[in-house]
Asks: 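The structure that follows is given in the form of structure tokens.
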Amino acid sequence: MTSSPAEPSDAHKELAKALERGAQAVVPEHGIAAKLALAESRNRPLRIKLGLDPTAPDIHLGFAVVLRKLRQFQNLGHQVVIIIGDYTALIGDPSGRSATRPMLSAQEIQANAATYTSQLSQILEANRTEVRFNSEWLGKLDFASVVQLASRMTVAQVLQREDFANRMAARQPVSLHELLYPLAQAYDSVAIEADIEMGGLDQTFNILAGRDLQREMGQEPQTALFMPLLVGLDGQKKMSKSLGNYVGIAEKPLDMFSKLMSLADTQMREYFTLCTDIPLEEMEQLLGTVAQGANPRDVKRRLAREIVKIYQGDAAAAEADAEWMRIHSAGELPSEIPAAELPSDAVRSGRVWVCRLLTVTGMAGGTGEARRLLEQGGVELNGKKLTDASLELPVEEVQNAVLRVGARRYARIEVKQ
RNA sequence: GGGGAGAUACCCGAGUGGCCAAAGGGGACUGACUGUAAAUCAGUUGCGGAAUGCUUCCGAGGUUCGAAUCCUCGUCUCCCCA
């Protein structure tokens with residue numbers, strides 16, 4: 001059954017190198033080239049597996065790293081198999097968690113999975129993407145089959161895992177059902193006959209368990225392709241929506257651009273590698289110019305522009321760049337300033353109190369905050385700094401005026417009659 | 001089934017009768033600096049047209065001149081033993 005796969009050619013190795021761009025690890029080491037050779041010798045596309053937790057879907061650059069990698073395989077004619085872990089979500093993946101995950105309700109899972117599929121199409125090619133729910137096969141297993149499957153893995157093997165080991169050591173509870181998680185994920189690989197499984201390093205145990213189980217069940221073990229987790233804009237934690245350090249792929253070009261420009265210089269290499277298709281040699285050359293004294297801002301602009309281009313197109317990227325320069329470098333006003341309405345009941349005998357102006361336009365959360373912003377010198381009206389919290393402005397002066405709060409919040413005032 | 005610990009602002013967390021609108025840290029916001037950032041430094045961070053003003057410390061009652069702090073009941077969380 002496990003006939004030795006064909007020897008990879010130089011061309012395979014070359015392709016594998018490109019596919020391994022940005023990867024953190026590949027197990028076994030030359031597994032990608034080997035799979036490419038296998039695909040060619042058997043004249044069939046590879047099946048690349050990616051398991052997704054149907055929790056909160058949020059397609060941001062971090063998630064896009066993995067999706068773009070999948071797309072790369074698709075471009076070579078391979079088949080992507082997305083597994084929505086609706087059944088495993090009932091267990092709750094213990095990976096990287098110090099506590100038991102809450103179980104999701106069936107409705108939550110359904111709703112999340114639906115949004116996933118629509119979002120995936122933004123990066124993946126639909127006709128080379130198969131979306132499967134693992135309840136399809138896991139739900140069919142009866143207790144005897146589960147027991148039999150479970151017999152293929154030992155408790156010691158499972159407990160070896162860091163998460164469990166740590167929790168045991170810290171006397172945190174580990175529920176029995178959590179021990180079944182790796183087994184379930186491994187069985188997914190068997191069910192869909194995966195050639196390659198992608199995931200983060202936090203998935204090491206689960207993915208390698210898939211290899212073991214496949215071998216046990218007479219299949220050729222999958223190659224594991226580990227992609228790093230993209231560090232978010234804060235430079236500290238992995239990019240995630242809940243941490244607020246993310247860049248969504250559907251954001252407005254200027255927002256995307258601005259967010260990317262706020263990256264720390266030291267994160268540029270990581271973002272170039274994982275979020276763009278710029279050849280690595282070119283990246284090195286660009287980063288090299290910075291070392292020689294070039295303004296890192298310009299290299300970062302290039303980075304931001306490349307990324308915006310991928311999702312919003314070349315024109316939008318160029319526009320975002322120009323706009324950003326206008327605002328930040330030339331210190332000019334943005335070309336589009338959101339309008340804010342000033343309701344008539346905020347006006348008293350032809351005058352508006354500054355604090356009211358700030359709260360009513362949403363620039364300050366309350367009078368106290370408005371006062372603070374004024375006192376701290378963070379408020380400008382038509383380029384004139386305002387600092388007096390008791391100031392009453394005539395309506396004529398406010399109509400159509402540009403209100404700026406802090407470095408980047410603008411509003412054009414529209415007085416409602 | 002038995003025993004114990006706890007719930008404080010966006011988050012973590014100190015406070016155990018008045019000196020508490022509540023320490024400290026994180027985060028966020030503002031300013032300075034800059035290369036745009038990061039880093040650093042400084043300030044702010046319940047509401048309030050500001051006042052010896054108002055509403056807060058899981059919820060509901062109570063004790064007291066006075067409660068985040070004490071008591072009762074309730075809700076929820078965690079730990080230990082079985």
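Chain letters run A, B, ... following the sequence lines, proteins first, then strands; residues in each count from 1.
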Asks: Tell me, for nucleotides 36-41 of chain B in 5' to 3' order, what letter each nucleotide earns: B for a base near a protein heavy atom under 4.0 Å, S for only sugar-phosphate near one, - for neither?
Replies: BB----
Asks: Can you tell me how far P in B/C71 sits from the matching atom in B/G18, rounded to whole Å?
Replies: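 About 15 Å, rounded to a whole number of Å.
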Asks: Taking donor-acceptor contacts at under 3.5 Å, does the side chain of A/Q376 reach the base of B/G31?
Replies: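 Answer no: no donor N or O sits under 3.5 Å from an acceptor.
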Asks: Quick check: closest heavy atoms across A/Q312 and A/M256, and the distance to 0.1 Å?
Replies: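 The answer is NE2-SD, 4.1 Å.
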Asks: Using both distances under 3.5 Å as the test, list the Watson-Crick or G-U wobble partner of B/A68, or none.
Replies: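 Its partner is none (no Watson-Crick or G-U wobble pair with both distances under 3.5 Å).
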Asks: When rounded to the nearest Å, what value does the distance between P atoms of B/U55 and B/G49 take?
Replies: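 Taking atom P in both B/U55 and B/G49, they lie 16 Å apart.
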Asks: Given the P atoms of B/A37 and B/G26, what is the spacing between them in whole Å?
Replies: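 Each nucleotide's P atom is 22 Å from the other's.
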Asks: In the strands shown, is B/G17 matched to any nucleotide by a Watson-Crick or G-U wobble pair with both distances under 3.5 Å, and which?
Replies: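 No nucleotide pairs with B/G17.
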Asks: What I want to find out is whether A/K252 reaches A/E336 closely enough, with some N-O distance under 4.0 Å, to be called a salt bridge.
Replies: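 No salt bridge links A/K252 with A/E336.
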Asks: Would you call A/R269 and A/E284 a side-chain contact if the rule is heavy atoms closer than 4.5 Å?
Replies: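 Heavy-atom side-chain distance check passes, below 4.5 Å.
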Asks: With rounding to the closest Å, how many angstrom separate the C1' atoms on B/U56 and B/A9?
Replies: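 These two C1' atoms come out 9 Å apart once rounded.
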Asks: Could you pull out all residues at least two apart from A/E136 that satisfy side-chain hydrogen bond (donor to acceptor under 3.5 Å, both in side chains)?
Replies: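 With sequence neighbours excluded, A/E136 shows a side-chain hydrogen bond (donor to acceptor under 3.5 Å, both in side chains) to A/R132, given in chain and number order.
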Asks: If a protein heavy atom is under 4.0 Å from the base, mark B; if only from the sugar-phosphate, S; if neither, -; do that for nucleotides 46-51 of chain B going 5' to 3'.
Replies: -SSBB-
Asks: Taking the P atom of each, how far is B/C10 from B/G1, in whole Å?
Replies: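 The same atom, P, in both gives a distance of 37 Å.
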Asks: Would you call the rings of A/W324 and A/F257 parallel, tilted or perpendicular, taking 30° and 60° as the class edges?
Replies: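 If you compare the ring of A/W324 with that of A/F257, the planes turn out tilted.
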Asks: Should A/R412 and A/N400 count as side-chain neighbours, where that means a heavy-atom distance under 4.5 Å?
Replies: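 A side-chain contact exists here, since the closest heavy-atom pair is under 4.5 Å.
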Asks: Could you report the tightest heavy-atom contact between A/K259 and A/S262, atom names first, then the distance?
Replies: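 Scanning both residues completely, I find the closest heavy atoms to be O-OG, 2.7 Å.
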Asks: In whole Å, measure the gap between the C1' atoms of B/C47 and B/A21 for me.
Replies: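 Their C1' atoms lie roughly 11 Å apart.
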Asks: Considering every strand shown, what is the Watson-Crick or G-U wobble mate of B/G1 when both distances are under 3.5 Å?
Replies: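 B/G1 is paired with B/C81.
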Asks: Heavy atoms only: give me the nearest A/G31-A/V26 pair and the separation to one decimal.
Replies: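 What the structure gives for the nearest pair is N-CG1, 4.3 Å.
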Asks: To the nearest angstrom, how far is A/L403 atom CG from B/U30 atom P?
Replies: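 Rounded to the whole Å, the gap is 13 Å.
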Asks: Between B/G13 and B/A82, how far is it from one P atom to the other, in whole Å?
Replies: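 One P to the other, the span is 29 Å.
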Asks: Strictly below 4.0 Å, N to O, side chains only: are A/D212 and A/R152 in salt-bridge contact?
Replies: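 Judged by the 4.0 Å cut-off on N to carboxylate O distance, A/D212 and A/R152 do not form a salt bridge.
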Asks: Does some side-chain heavy atom of A/D86 sit less than 4.5 Å from a side-chain heavy atom of A/N134?
Replies: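 Yes, close enough: below the 4.5 Å cut-off.
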Asks: If B/C58 has a Watson-Crick or G-U wobble mate with both distances under 3.5 Å, name it; if not, just say none.
Replies: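 Paired with B/C58, as far as the under-3.5 Å criterion goes, is B/G74.
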Asks: Determine which nucleotide pairs with B/U30, using a 3.5 Å limit on both distances of a Watson-Crick or G-U wobble pair.
Replies: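 The answer is B/A42, by the H-bond criterion.
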Asks: Please give the distance between the C1' atoms of B/A51 and B/G61 as a whole number of Å.
Replies: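 One C1' to the other, the span is 32 Å.
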Asks: Nearest-Å distance, CG (A/L233) to P (B/A28)?
Replies: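 To the nearest whole Å, that distance equals 11 Å.
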